[in-house]
Amino acid sequence: MIPVVRLADADYHGRPRSAFRRGGVSRSLEVWIDVDTLPASTHRAHLQGFAHHPDIDVYVTDETPGAIHVELQTDETRNAVGARIEHADGHTLIAGGPLDTYRALAASWQAEPQDDVSDSQLLFSALLGSVADNHPADAFVTGARALWSGMKQANAMSVTDALALVGLFLRSRDDFVVSFEPRPLTYNRGLFYWLLARELIPSWGPAWRALDPPRPDGSSWAFNGLGHALIIRVDQVLRARDRVHAELNLLQDNDTSDETLFALDGLLVAADACFDVIARVLNRHWALGTDAGARWRSDSWVQKLLRADHKLEVAVGDGTPLSDAVALVGALRLSLHAMPLNTIAHARGSMRDVENLLVVPPEQQTVIEEIFDSRGGDAAWGSDVRLDALVLLDVRRFVEALTRFSLQTIEGTMAAIVGSATQRDRVGDWEDTTEVRRHLRALSGTIGWNE
């Protein structure tokens with residue numbers, strides 16, 4: 001999941017409050033890594049590699065090449081702890097305070113569940129987190145999970161959340177670098193999203209080849225165009241999701257609300273198009289008539305499909321993820337033909353002055369809430385705020401849930417139709433390896449989506 005950072009109360013030394021600001025007021029993304037609390041892993045190495053990126057400032061307590069070194073020290077005699085930050089330009093910043101203060105701070109967090117973090121590690125985490133908090137950092141990466149909710153401004157988070165934030169930051173600047181180790185690897189926008197779409201929908205290629213096998217004369221597949229169309233629409237869903245998250249990482253006002261709703265409309269149209277493509281592929285395979293009639297929200301067409309192959313009931317019938325996904329997207333998409341979706345500014349007492357919450361259209365509220373109840377509950381969809389009779393959605397959690405549910409449904413539906421034994425697409429050219437696919441998932445915040 002892509003995190004939304006908590007913003008500081010005021011600018012720090014004249015810096016913009018968000019690294020996602022555009023134009024002349026943009027700044028580098030600041031990532032602090034509490035290395036001692038994090039076990040060595042592929043994801044940690046991937047994150048530390050971004051210390052080489054000119055637009056990302058990485059602060060670490062080890063000797064990561066290209067990073068800004070932070071040295072932590074304790075002095076029992078003087079009851080003091082300190083942090084020395086050594087920048088490459090020779091600038092040194094020193095911070096710290098009474099040792100007892102940080103011991104008390106660490107003790108207050110120690111009651112929370114920990115991931116094998118010792119008392120001494122937690123003490124230094126308290127110090128490092130406090131320095132990052134006052135800087136303030138865009139991300140403070142630590143294995144001490146108690147700090148994830150304890151930091152005020154430093155945005156304490158996991159390694160995977162930090163990678164997702166880094167990826168979003170770079171994509172918002174049209175930078176599609178994938179990794180720096182063992183050497184820099186960068187894609188363009190089209191290839192980044194195309195490979196990610198193929199990774200998230202691995203059954204699609206085998207599905208349309210199975211539904212329209214090669215001709216005896218070796219001629220090309222009739223569905224080649226539709227096969228590519230699905231990947232293009234998934235690409236658009238992912239790009240719209242990115243646009244929403246980029247807006248959520250800015251100060252929330254009327255402008256960010258407008259841009260968020262613009263991107264959400266695009267996401268709904270692209271998601272609906274994904275399901276339409278699947279319908280047309282099946283319509284052509286079973287020769288059910290003109291493509292114009294191939295629509296999941298047409299009961300007569302769905303029944304015609306099921307008469308052609310009753311085994312499809314488990315994949316496309318009532319109560320399946322497909323029927324719920326189509327109903328949810330369709331209910332929200334009706335706003336394109338009526339009153340547009342809108343938001344309400346809401347103060348939650350967080351580090352943001354306000355958040356823009358999405359208003360569920362009252363006329364669609366019943367069907368949407370029924371789907372929420374059957375698919376994980378209100379909290380999973382960000383539906384935990386009520387205002388009079390209105391249902392309000394946390395935009396980040398809702399967009400994440402909607403995107404994940406839609407793409408999982410597409411993958412699950414196609415896998416159910418063609419069978420799990422069907423050979424999946426192999427990794428291809430353009431340095432497209434299994435490791436690169438993992439990096440794409442990490443930077444897109446989609447780790448575990450289809451696992």
Side-chain angles (χ1 to χ4, degrees), residues 1-4 164 168 193 196-197 200-201 230 232-249 256-257 259-278 296-297 319-336 340-344 355-361 363-385 390-414 441 444-450:
M1 179 179 289
I2 298 176
V4 174
L168 177 70
Y193 286 111
L196 180 59
L200 295 174
I201 315 292
L230 189 282
I232 289 175
R233 296 305 180 186
V234 173
D235 168 313
Q236 292 172 348
V237 167
L238 294 168
R239 286 163 59 187
R241 167 183 174 255
D242 275 354
R243 182 71 172 269
V244 168
H245 279 293
E247 294 299 322
L248 294 178
N249 275 293
T256 51
S257 174
E259 286 299 313
T260 298
L261 293 172
F262 171 70
L264 180 55
D265 279 348
L267 191 156
L268 293 170
V269 171
D272 209 32
C274 289
F275 298 124
D276 285 346
V277 169
I278 295 174
W296 295 112
R297 286 186 284 276
T320 61
L322 179 66
S323 66
D324 283 350
V326 169
L328 177 59
V329 171
L332 291 167
R333 196 179 184 277
L334 288 174
S335 64
L336 272 67
L341 294 172
N342 63 88
T343 62
I344 286 181
E355 292 179 277
N356 290 321
L357 301 183
L358 181 68
V359 180
V360 173
E363 61 274 18
Q364 303 300 328
Q365 188 170 307
T366 299
V367 64
I368 289 173
E369 288 199 294
E370 287 177 353
I371 294 172
F372 287 177
D373 288 342
S374 64
R375 298 290 171 184
D378 286 349
W381 293 89
S383 176
D384 50 12
V385 177
L390 295 177
V391 175
L392 307 179
L393 302 180
D394 180 304
V395 182
R396 178 191 71 134
R397 283 188 286 155
F398 173 68
V399 166
E400 286 293 273
L402 178 64
T403 305
R404 180 171 184 167
F405 182 47
S406 297
L407 299 191
Q408 285 180 327
T409 296
I410 294 167
E411 166 61 17
T413 300
M414 301 317 300
R441 277 183 175 268
S444 62
T446 58
I447 293 174
W449 274 24
N450 282 343

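Model, not experiment: these values are computed from the prediction.
Residues Leu230 and Cys274 form a side-chain contact, since some pair of their non-hydrogen atoms from C-beta on lies under 4.5 Å apart. Side-chain contact between Val329 and Ser406: present, with at least one pair of heavy atoms (C-beta onward) separated by less than 4.5 Å. Using a 4.5 Å heavy-atom threshold, the side chains of Arg441 and Trp449 count as touching. At least one side-chain heavy atom of Ile344 sits less than 4.5 Å from a side-chain heavy atom of Leu390. Asp324 places none of its side-chain heavy atoms less than 4.5 Å from the side chain of Thr409. No side-chain heavy atom of Leu358 sits under 4.5 Å from any side-chain heavy atom of Thr260.
The backbone N or O of Phe275 sits less than 3.5 Å from a side-chain atom of Trp296, completing a donor-acceptor pair. With Ser335 contributing its side chain and Leu332 its backbone, the two residues share a donor-acceptor pair below 3.5 Å. Under a 3.5 Å cut-off, the side chain of Trp381 and the backbone N or O of Val399 do not form any donor-acceptor pair.
Shown here for Ala164 and Gly445, the closest heavy-atom pair between the two residues is CB-CA, 3.7 Å. Here the closest heavy-atom approach between residue Ile371 and residue Leu328 is recorded as CD1-N, 3.6 Å. Contact record, Pro321 with Phe405: O-CZ, 3.6 Å, taken as the closest heavy-atom pair. For the pair Gly266 and Ala240, the tightest heavy-atom approach, listed with the atom from each and the gap, is C-CB, 4.2 Å. What you find for Ala271 and Val237 is that their closest heavy atoms are N-CG2, 3.5 Å. Between Val244 and Ala263, the closest heavy-atom pair is CG2-CB, 3.6 Å.
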Trace of the side-chain contact (heavy atoms from CB on, under 4.5 Å) decision for Asp373 with Asp378: CA-CA 6 Å; Asp373 288 342; Asp378 286 349; 3.8 Å; yes
Evaluation steps, side-chain hydrogen bond (donor to acceptor under 3.5 Å, both in side chains), between Arg233 and Gln236: CA-CA 5 Å; Arg233 296 305 180 186; Gln236 292 172 348; 2.8 Å; yes
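Rounded to the nearest 0.5 Å, atoms CZ (Arg241) and CG (Leu264) are 13.5 Å apart. Interatomic distance, Ile2 CD1 to His245 NE2, rounded to the nearest 0.5 Å: 4.5 Å. How far CG of Leu267 is from CZ of Arg239: 12.0 Å, rounded to the nearest 0.5 Å. If you take CG on Leu200 and CD1 on Ile410, they are separated by 10.0 Å, rounding to the nearest 0.5 Å. Rounded to the nearest 0.5 Å, atoms CE (Met1) and CD1 (Ile447) are 12.5 Å apart. One finds the CD1 atom of Ile201 at 9.5 Å from the OG1 atom of Thr413 (value rounded to the nearest 0.5 Å).
Considering Val359, Leu357, Val360 in turn, Val360 is the only one that fulfils the side chain to side chain contact (heavy atoms under 4.5 Å, CB included) rule with Leu393.
Electrostatic pairing of Asp272 and Arg297 counts as a salt bridge here, judged by a charged N lying under 4.0 Å from a carboxylate O. Taking the charged nitrogens against the carboxylate oxygens, Asp384 and Arg397 do have a contact shorter than 4.0 Å, which makes a salt bridge.
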